[in-house]
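I'd like to ask some things about the structure below.
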Protein chains: 2
Amino acid sequence: MSSANPKQALFAQFAAVAKALAHEHRLELIEHLAQGERSVERVAELSHVSVANASQHLQRLRRAGLVASRRDGKHVLYRLADDAVVTLLAALRSIAERSLGEVEKVVSGYFRRRDELEPVSRADLVRRLKDGSVTLLDVRPEDEFGLGHLPDAINIPFRELEKRLAELPKRREIVAYCRGPYCVLSFEAVAALRQRGFKARRLEDGLPEWRAAGLPVIAPAPGRG
Amino acid sequence: MSSANPKQALFAQFAAVAKALAHEHRLELIEHLAQGERSVERVAELSHVSVANASQHLQRLRRAGLVASRRDGKHVLYRLADDAVVTLLAALRSIAERSLGEVEKVVSGYFRRRDELEPVSRADLVRRLKDGSVTLLDVRPEDEFGLGHLPDAINIPFRELEKRLAELPKRREIVAYCRGPYCVLSFEAVAALRQRGFKARRLEDGLPEWRAAGLPVIAPAPGRG
DNA sequence: ATATCGTTCAAACGAATAATTGAACGATCT
DNA sequence: AGATCGTTCAATTATTCGTTTGAACGATAT
């Protein structure tokens with residue numbers, strides 16, 4: 001009987017955050033911002049929406065406290081306000097995966113034979129990096145690598161992978177990672193590497209999850225900040 | 001370049017779950033269902049909405065895979081589809097607390113002097129229960145206790161607390177819990193008990209969080225199921 | 001200053017969502 | 001069968017949300 005009014009206010013605030021997440025474009029914007037700071041124009045382009053539209057969605061996210069922004073010359077750079085946002089997205093994903101059969105289908109259909117590729121967990125990777133028994137490969141585009149990457153990772157964007165196979169060890173196991181659980185780059189990379197006779201596996205997570213877990217990330221050189 | 005279409009579908013599914021959460025009434029309905037199975041009429045009453053309205057909200061939640069329902073005679077009983085829903089709500093709460101200043105104010109204002117009451121963590125409680133050094137007190141209404149409660153807990157609804165102080169130990173520490181982090185019952189109970197000279201603290205979480213963590217819960221007698 | 005470029009604002013329209021009402025449905029009891 | 005009670009459905013209205021358009025703003029660069 002006690003908590004009528006303030007409780008309402010509380011739920012209203014929680015709902016405000018949920019509302020901010022409740023649009024596919026905004027979720028995609030967040031995923032891109034999870035890779036690092038981005039200008040409005042850039043995320044608009046990555047998400048295939050108009051600049052004006054992206055701008056409004058980003059402002060909505062900012063009002064909800066999910067992202068923050070700063071000005072850098074002509075550009076306004078947006079970023080996640082908090083790594084906990086990645087955790088929230090992971091929880092959302094977990095529910096969607098568990099309860100919605102369709103997602104399962106999409107995942108297992110498009111991200112083919114997911115299990116066959118035996119993903120490596122974060123904890124495993126940490127161990128293997130310590131004893132030096134793996135080579136860590138970041139297959140994202142060069143600019144995203146520049147915005148932050150895992151320690152000891154080498155960067156060969158997926159598109160250049162075939163040309164640059166010589167840079168990779170033939171015997172040692174290779175662990176590839178990219179943006180996150182639903183980014184296809186590392187799937188494709190592992191498949192390609194295996195076909196060429198390399199020993200390759202995927203990291204289960206991407207950079208944002210790694211960072212959200214509090215593990216060290218090589219930050220960008222503080223150039224234009 | 002690779003993941004245009006299926007990615008969209010994925011984000012659309014995630015957004016569907018977020019949309020289901022994006023209404024304060026639905027969040028409140030979920031909180032009540034987190035206590036255990038409830039009829040439409042009952043959650044409508046608890047949430048102060050009309051039955052028809054609650055029914056529609058509940059169906060929306062069901063479509064999103066967040067809750068499930070079954071028929072029991074005249075009644076339709078709803079429950080959470082998955083304990084992971086509690087985890088998702090916790091993530092939502094954590095973001096809202098961190099990023100929205102207003103929630104902080106509400107919390108520290110209404111749930112007064114939260115820190116002074118030194119909440120007990122789940123892990124702590126498990127340890128203390130093992131060595132038998134605490135009495136565990138459930139201050140929720142009797143019917144909610146009946147729908148599920150922590151092992152070894154005794155039930156004294158908050159409204160009866162003053163009348164039934166004799167049932168509580170004077171020396172041993174008492175740990176009180178209720179519905180969850182934003183339920184006031186345990187705050188009030190601890191304050192009241194301390195004023196009477198009892199040694200009392202709050203459990204940090206409520207029943208739903210306990211259950212979601214995979215810890216054992218005394219289930220209701222399978223009477224009308 | 002003027003031009004240019006990235007971002008935001010304001011207005012407008014169509015689409016989706018929420019709450020209310022009263023009727024319909026389903027199960028139980030007499 | 002008929003009555004009753006809890007739940008759902010269908011239709012309505014008010015409100016909110018999403019996208020587009022074109023203008024306005026702010027920070028360079030010439």
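From a predicted model like this one, the values you see are computed outputs, not experimental measurements. Naming convention: chains lettered A, B, ... in sequence-line order (proteins, then strands); numbering from 1 in each chain.
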*Atom CZ of B/Arg62 and atom C1' of D/dC9: how far apart are they, to the nearest Å?*
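Going from B/Arg62 (CZ) to D/dC9 (C1'), I get 13 Å.
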
_Just the rounded figure in Å: distance from P of D/dT16 to CD of B/Glu24._
12 Å

*Is there a side-chain contact between A/Gln35 and A/Leu147 (heavy atoms, below 4.5 Å)?*
no

*If you find the nucleotide of DNA chain D closest to B/Ser39 and the one closest to A/His25, which residue's nucleotide is nearer the 5' end?*
B/Ser39

_Side-chain N or O of B/His75 closer than 4.0 Å to phosphate OP1/OP2 of D/dC5_ = no

*asked:* With heavy-atom distances below 4.5 Å as the criterion, would you say the side chains of B/Leu168 and B/Ile154 are in contact?
replied: yes

_Range on DNA chain C touched by chain B, heavy atoms, distance below 4.0 Å_ =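 Contacts span C/dT17 to C/dT28, reading 5' to 3'.
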
_Side chains of B/His57 and B/Arg26 only: does a donor on one sit below 3.5 Å from an acceptor on the other?_
yes

*Taking atom types as modelled, is there a side-chain donor on B/Asp138 or B/Tyr177 under 3.5 Å from an acceptor on the other?*
yes

*Taking atom types as modelled, is there a side-chain donor on B/Arg62 or B/Ser69 under 3.5 Å from an acceptor on the other?*
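Distance-only check passes for B/Arg62 and B/Ser69.
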
*asked:* Can you work out whether A/Arg71 or A/Val49 has the more 5'-proximal nearest nucleotide on DNA chain D?
replied: A/Val49

*asked:* Would you compute the distance between atom CZ of B/Arg42 and atom NE2 of B/His32 and round it to the nearest 0.5 angstrom?
replied: 8.5 Å

_From CD1 (B/Ile174) to CG (B/Leu136), nearest 0.5 Å_ = 10.5 Å

*Can you tell me how far P of D/dC17 sits from NE2 of A/His23, to the nearest Å?*
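Whole-Å distance recorded here is 12 Å.
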
*Establish, for the pair B/Arg140 and B/Phe158, whether the NZ or CZ atom is under 6.0 angstrom from the six-membered ring centre and no further than 45 degrees off its axis.*
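Negative - B/Arg140 is either too far from the ring of B/Phe158 or too far off its axis.
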
*asked:* Counting only heavy atoms and a strict 4.0 angstrom limit, can you tell me which residues of residues 53-61 of chain A come near DNA chain C?
replied: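 A/Ser55, A/Gln56, A/Gln59, in order of number.
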
